[in-house]
Every structure is written in structure tokens, then in C-alpha cells.
Q: 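One structure, as C-alpha cells, below. Some questions next.
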Amino acid sequence: MNSISTYAPGRAELLGNHTDYNEGYVMALAVDRGTTMSGQARGDRKISIHSREMDKTETIDIDKLLAEHVSPWSRYTLGVVDQFRRNDLPVEGFDAEISSNLPLGAGLSSSASLENATVLFLAKLFGAKLDSMQMARLAQKAEHDFVGVRCGLLDQIASLMSTALHATCIDCRTTAVDYVPLDGKTRIILANSGVKHALVGGEYNERRSDCEAAAHALGVSALRDASTEMLKSRKSEMADRIYHRALHITGENERVQEGSAALRKGDFARFGELMFASHESSRVNFENSCQELDLLVATARKTPGVFGARLSGGGFGGATINLVEKGREEEVVKALTAALPGVTCLVTDAADGALAYAKSH
Ligand code: GLA
């Protein structure tokens, strides 16, 4: 049988933290590493997937798919298969090998890259016709149902729909996506703190519930509909923790809007200040940072050549994203490594998302 191969990159969140499931605004990009899935149809009802990095194989009958019957690493892939079945999309037995050059648990969304590689793989192998937003939603739903993280759409959209050398701006209510050029004067450094972040179940879902509680207290359908000014005037109507969680979200939405205007003007200095402000709000209001991420951001702040830095993604560990003047990458990596031995830095430009990548390969 014919073998096929698909690829989807990881992503980094440039600005707009935890705004996606609050129907707000976010800016992201795809990185130049990701997950590849290769394989072929079997002609029966069995699925066998092998992870090259983990050297593990999972084999299951497609009619017996349940998250609790399979090992955690395979749920990202098998959750997508499950979504194909629930949505009456064509899918049968297959063999596949998964390989990735993304660090796992580093906040670069190895999970969405695997989900997206799987969506593309199944669509190509079994002939499902899906538009890009349907693909992103299938991948997201797989994560909700099979992995148990109630994530927004940021990771899936950024990994699928990004364009090289651009920031991807997403309106998470309308799902409109547009692109702002990151001109040739900047580079991105992703500094992996080495603190493992596992979003599964715990604090991520708690933050989401807190945001929903805040929206409820304010009488809006999502925090997208609240401004910082409105929130401050109604502080007494909610518990202090809920207020601070909401303050992070309203501030982030406002920073993204200001940030995308600054980027369009090529004002990297202003954009960088907004990145630092975003991190500070994560640290103080949303409490999704940790000592190591704070140290990396504080170091970046003191290092010449850095426009801005902040934690990227869910938080509680993982990586910081640094927007850096082109040509000064080496100095910045040195400063970050001296401050936090064990940090690993990935220097990247904004890369093509899976769809653009597939067109050019
Ligand atoms: C994780 C989730 C995303 C988003 C970010 C925080 O990456 O998967 O949906 O909520 O955290 O912005």
C-alpha cells in the first residue's frame, strides 16, 4: 500500500496568554521544528502507531477506541481518530510511525503538532475534505476528550495556519486569522527552562474555570466582553482570586491589540515592553509562572538586544519567548544560559505552519 507522510510544527505564543478560551485575541507563530507522521492504510480495522522517540508501539482495534484503554502518549493521535469517527469522516485501520524533533513539555505545543500531523495524515490517507478551521477544531476536540485538557484553539490554529516570517493574529471569537510581518530585523529565541509543564487535568483547567467564574460574575458570555476599566469598577463583586485571573485576561487582550498595532509600525521596542508586561501579569495575577521562568525573563530584561520576553503557552514551566534583535542571538543565549544553567535555547524564525509547509514540500 502507498505510504504517506505529514508534518506539523510546534508553536510559540508571542503575546496573549490564556486569552484563547476567553474568546479573546492572541498572536503566535510556528517554530521550525515539529512532528512527522508516516505510514499507510492496512485494509483492516487495526491501528498500530509507533513513537520513534519513545520506542513504544500502541495497537488497538478501531472499534474499541477509548482514552482509558490506551497509553497517554498515544491519546493525541487516537483522540483524533476518535473525532474522525464521531464526525462520520472516513477512517480505517492504519500503521504509522511518529517522530518529532520538538522538545516535549517545553511549552512549544508538541501536543498540537502531533494532533495536527494526525488530522492531516488521516485526511490524506482516507480522503476527508476538511477546511483549515475544521481541522483545528477536530484537533482541539481530541485534546478535550482524550487528553482531558480544555484548551483553546491557539495551538492548533498557529501550528496549522502560520506563515513564515509573520506573526499569526487570531481573533478567537470569530476565528479570523491575519498576519503581521515580522521584518528581517528580529529573531525568536525560545528558552526552555527544563521545568516540565504538564497541563493534563490540573492547573490549566482550574484557570479556565476561574475565568468562567469571572465572566459569570460580570454577566458577560466571555471575558472578551470585559475591559480592564469595567473589571476594576466591579472588583467588589467577585473573590480576589477571580478578580486577578480576569485582570490578566483583560490586560492581555488590550496588550495584544496595542501590540499588533505596534508591530505593524515596526515598533519592536513598544512590542517588547508589552511582552514584559504580559509576563509580569502572569507572575502576579494569573500565577502561572515559576521561579525559573521569572529568572529567564528578568535576565532577558537586562540583556542588550532583547526587545521583550515572557512565558509562552500554558505556563507552570516550559519556555520563555524572547524577541531579539537580529545578530545578537548569541549574546542573548549566553546570558540566559549563564543565569539558568541547564536552559536549552532554540533560535528560530517564524516558520510556515503545516498547511503552508505541505504546499511547499
Ligand atoms: C496552552 C493551551 C492554549 C492556550 C495557552 C495559553 O498552550 O493549549 O489553548 O490556552 O496554553 O495561552
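Start at 1 and go down the list; that is how both ligands and their atoms are numbered.
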Q: For Y21, take its heavy atoms, then give the atoms of ligand 1 lying under 4.0 Å from any of them.
A: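 Atoms satisfying the 4.0 Å criterion: 10 (O).
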Q: Just which atoms of ligand 1 are under 4.0 Å from any heavy atom in N17?
A: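 Within the 4.0 Å cut-off of N17, ligand 1 contributes 12 (O).
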Q: Give a yes or no on whether K185 atom NZ has more than 12 heavy-atom contacts from other residues, nucleotides or ligands under 6.0 Å away.
A: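 No, the 6.0 Å shell around NZ holds no more than 12 heavy atoms from other groups.
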Q: Which pair of non-hydrogen atoms, one from S159 and one from S113, has the smallest distance, and what is that distance?
A: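 For S159 versus S113, the nearest heavy atoms are OG-CA, 4.0 Å.
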Q: Flag the pair E212 and R208 as a salt bridge only when some basic side-chain nitrogen lies within less than 4.0 angstrom of an acidic carboxylate oxygen.
A: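 A salt bridge is present here (some side-chain N lies under 4.0 Å from a carboxylate O).
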Q: List ligand 1 atoms under 4.0 Å from G152, heavy atoms only on the residue side.
A: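 Listed by number with element, the hits are 9 (O).
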Q: What are the two closest non-hydrogen atoms of L153 and D20, and how far apart are they?
A: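 The answer is N-OD2, 3.2 Å.
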Q: Give the minimum heavy-atom separation between V347 and D32, together with the two atoms involved.
A: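 Closest approach of V347 to D32, heavy atoms only: O-OD2, 4.4 Å.
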Q: Check each atom of ligand 1 against the heavy atoms of D155 and keep those under 4.0 Å away; list them by number with element.
A: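 Answer for ligand 1: 1 (C), 2 (C), 3 (C), 7 (O), 8 (O).
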Q: Ligand 1 and C151, any nitrogen or oxygen pair closer than 3.5 angstrom?
A: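 There is no such contact.
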Q: Of all the atoms in ligand 1, which lie at a distance below 4.0 Å from a heavy atom belonging to Y204?
A: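 Listed by number with element: 1 (C), 2 (C), 3 (C), 4 (C), 9 (O), 10 (O), 11 (O).
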Q: Find all atoms of ligand 1 within a distance of less than 4.0 Å from any non-hydrogen atom belonging to H18, and give their numbers and elements.
A: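 Going through ligand 1 atom by atom, the ones under 4.0 Å from H18 are 6 (C), 12 (O).
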Q: N/O to N/O below 3.5 Å, does that happen between T19 and ligand 1?
A: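 The answer is no, given that T19 and ligand 1 share no N or O pair closer than 3.5 Å.
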Q: Looking at ligand 1, does E252 have a heavy atom less than 4.0 Å from it?
A: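 E252 does not count as a contact of ligand 1 under the 4.0 Å cut-off.
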Q: Nearest heavy atom to atom 7 (O) of ligand 1: which of E13, R207, R11 does it belong to?
A: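 Comparing heavy atoms across E13, R207, R11, the nearest one to atom 7 (O) of ligand 1 lies in R11.
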Q: Measure across I157 and M133 and return the closest heavy-atom pair with its distance rounded to 0.1 Å.
A: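 In this case the closest contact between I157 and M133 is CD1-SD, 3.7 Å.
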Q: Going by an N to O cut-off under 4.0 Å, is there a salt bridge joining D155 and R11?
A: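 So D155 pairs with R11 through a salt bridge.
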Q: When you look at CZ of R52, are more than 12 heavy atoms from neighbouring residues, nucleotides or ligands closer to it than 6.0 Å?
A: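 12 or below, so no.
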Q: When H18 is tested against each of Y25, F286, F316 for ring-ring contact (aromatic ring centres under 6.0 Å, His included), which residue passes?
A: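 For H18, the ring-ring contact (aromatic ring centres under 6.0 Å, His included) test succeeds with only one of Y25, F286, F316, which is F286.
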Q: As a check for students: among L15, D20, L311, identify the option with a heavy atom nearest to atom 3 (C) of ligand 1.
A: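 Residue with the shortest heavy-atom distance to the ligand atom: D20.
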Q: Examine ligand 1 and decide if any of its atoms is less than 4.0 Å from a heavy atom belonging to S109.
A: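 It does not, in that no heavy atom of S109 comes within the 4.0 Å cut-off of ligand 1.
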Q: Based purely on interatomic distance, does G313 place a nitrogen or oxygen under 3.5 Å from a nitrogen or oxygen of ligand 1?
A: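 N/O-N/O distance below 3.5 Å does not exist for this pair.
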